[in-house]
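Structure, as structure tokens:
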2 protein chains.
Amino acid sequence: MSRLKHTKQFPAADHDHKTCIAHALQEAEAYCKQRGLRLTELRRRVLELIWANHQPVGAYDLLEQLTHEGRKAAPPTIYRSLDFLMQSDLIHRITSLNAYVGCNHPGLNHAAQFFICEDCGQAAEMDDAKIESAIAKDAKRLGFTVEKRTIEVAGICAHCKHHSNT
Amino acid sequence: MSRLKHTKQFPAADHDHKTCIAHALQEAEAYCKQRGLRLTELRRRVLELIWANHQPVGAYDLLEQLTHEGRKAAPPTIYRSLDFLMQSDLIHRITSLNAYVGCNHPGLNHAAQFFICEDCGQAAEMDDAKIESAIAKDAKRLGFTVEKRTIEVAGICAHCKHHSNT
DNA sequence: AATGTTACGTTATATTATAACAACATCCCA
DNA sequence: TGGGATGTTGTTATAATATAACGTAACATT
Ligand SMILES: [Zn+2]
Ligand SMILES: [Zn+2]
Ligand SMILES: [Zn+2]
Ligand SMILES: [Zn+2]
């Protein structure tokens, strides 16, 4: 079924993830209402599926889940929802994984960095001003106008490191 | 023919690129000999094609060029060469473009950052210790063991900015 | 030359993403 | 309230990137 099979954790060893989901959906709802964006049934469901955990999920994984739920869905269906959610700053695309993950600061259009565990598959979103400013400084020196950043660090998270006695 | 069509420049407004190519191939040759790696005719040619300019090039573009040169080539042919060149630290993969570019410090297995112009398509390789250390600091705080970095900044280079009167 | 190893050729297929157009829903105003 | 404009979803086809699997050829070592 799922193309990525991970079990362990990372963003917070034992947090109540139901709160993450509820919070994300609630924020999305409020943000869309405020901005006149239409968080349709489909888009809401896709966002919910993405927030099922902190592991970036692929478009075709989502597609398969929608199909299993009985909804008629082809690739464009899911990609359009993903586009909407990205443009609305509700999710991020993890380029190095071709996968999508919920945004921790919805509606903010911020530059983010990701630390991605190659063991448990979870992604931690950072917003480190130091990294941002270092890039800005380089850009200034180059005379380069920054449009989009892709900052993704892959490795092993603390939790997985301590439990690598599989 | 080429899937990416760019004409302008970026890494150095008017440098002698023949020197870049010659230098890269010479370094690769020496490095492979020294390490007992086999820089075959195919691999050497692929490296040369990649170094044709400072614009990351896609696998299927390379494939097409090889085919036009009369060589029998299918996707695995080119991907195997790309794998060799990456493992040998002679080229980098630009994740956000699904494309490949020559490495400025061949054989070094270094962390690099890329500034990529969305206009001319050229990529500038940086090795900014500040960015590196900012990431290392975050990683340490997280207890995260870094394996691989993907740092790619897209935008408009100085040269293209000054000539945007197209 | 015999042998083991590495590289390459070949066919088929997997994975990710988009183009193009039709059908349907929602919104807004007359 | 109707009816056109706009936005969303369904549908079919296909593009673009990448790998699996297996056979053959080249090379290296003895
Ligand atoms: Zn959570
Ligand atoms: Zn982990
Ligand atoms: Zn050059
Ligand atoms: Zn440029």
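Each chain gets a letter, A, B and so on, in the order the sequences are listed, and its residues count up from 1.
One can find a donor-acceptor pair under 3.5 Å joining the base of C/dG9 and the side-chain atoms of B/Arg80. For B/Arg71 and C/dG9, a side-chain-to-base donor-acceptor distance below 3.5 Å is absent, hydrogens and geometry of angles not being considered. Between the base of C/dA14 and the side chain of A/Tyr60 there is no donor-acceptor pair shorter than 3.5 Å.
Closest approach to the A/Tyr79 side chain among D/dA18, C/dA17, D/dT11 is made by C/dA17 (side chain taken as heavy atoms from C-beta onward). Nearest to the side chain of B/Pro75, among C/dT16, C/dG9, D/dT19, sits D/dT19. Among the nucleotides D/dT11, C/dT10, D/dA18, the one closest to any side-chain atom of B/Lys72 is C/dT10. With distances taken from any side-chain atom of A/Leu42 to the nucleotides C/dC8, D/dT9, D/dT12, the minimum falls on D/dT9.
If you take CD of A/Glu41 and P of C/dT26, they are 11 Å apart, rounded to a whole angstrom. Counting to the nearest Å, the P atom of D/dT19 and the CD1 atom of B/Ile78 are 13 Å from each other. Straight-line distance from the CG atom of A/Leu63 to the C1' atom of D/dT11: 13 Å, rounded to whole Å. The CG atom of A/Leu97 sits 11 Å away from the P atom of C/dA17 (whole-angstrom rounding). Put simply, CG on B/Leu82 is 12 Å from P on C/dC8, counting in whole angstrom units. Between the CZ atom of A/Arg45 and the P atom of D/dT9 there is a distance of 15 Å, given to the nearest Å. If you measure from atom CZ of A/Arg93 to atom C1' of C/dT18, you get 13 Å, rounded to the nearest angstrom. Rounded to an integer number of Å, the gap from A/Gln87 CD to D/dG7 P is 13 Å.
Residue A/Leu142 is not grouped with residue B/Ile116 when hydrophobic side chains (ILVMFWY) are merged at heavy-atom distances under 4.5 angstrom, including chains of intermediate members.
For C/dG9, one of the phosphate oxygens OP1 or OP2 lies less than 4.0 angstrom from a side-chain nitrogen or oxygen of B/Thr77. OP1 or OP2 of D/dA18 lies within a sub-4.0 Å distance of a side-chain N or O belonging to B/Asn98.
In this structure, B/Thr40 reaches the sugar-phosphate backbone alone: every heavy-atom distance under 4.0 Å involves primed, P, OP1 or OP2 atoms, never a base. Among the protein residues, B/Arg38 comes within range of the sugar-phosphate backbone only, with heavy atoms under 4.0 Å from sugar or phosphate atoms but none that close to a base.
Side-chain atoms of B/Thr95 and A/Ser96, non-hydrogen and from C-beta on, do get closer than 4.5 Å to each other. In this structure, B/Pro75 and B/Leu63 have side chains that are in contact, with non-hydrogen atoms separated by less than 4.5 Å.
Taking a cutoff of 4.0 Å between a charged side-chain nitrogen and a carboxylate oxygen, A/Asp138 and A/Arg141 qualify as a salt bridge.
Between B/Pro76 and B/Phe84, the one whose closest nucleotide on DNA chain C sits nearer the 5' end is B/Phe84.
A side-chain hydrogen bond (donor to acceptor under 3.5 Å, both in side chains) with B/Glu125 holds for exactly one of B/His110, B/Gln113, B/His105, B/His54; it is B/His110.
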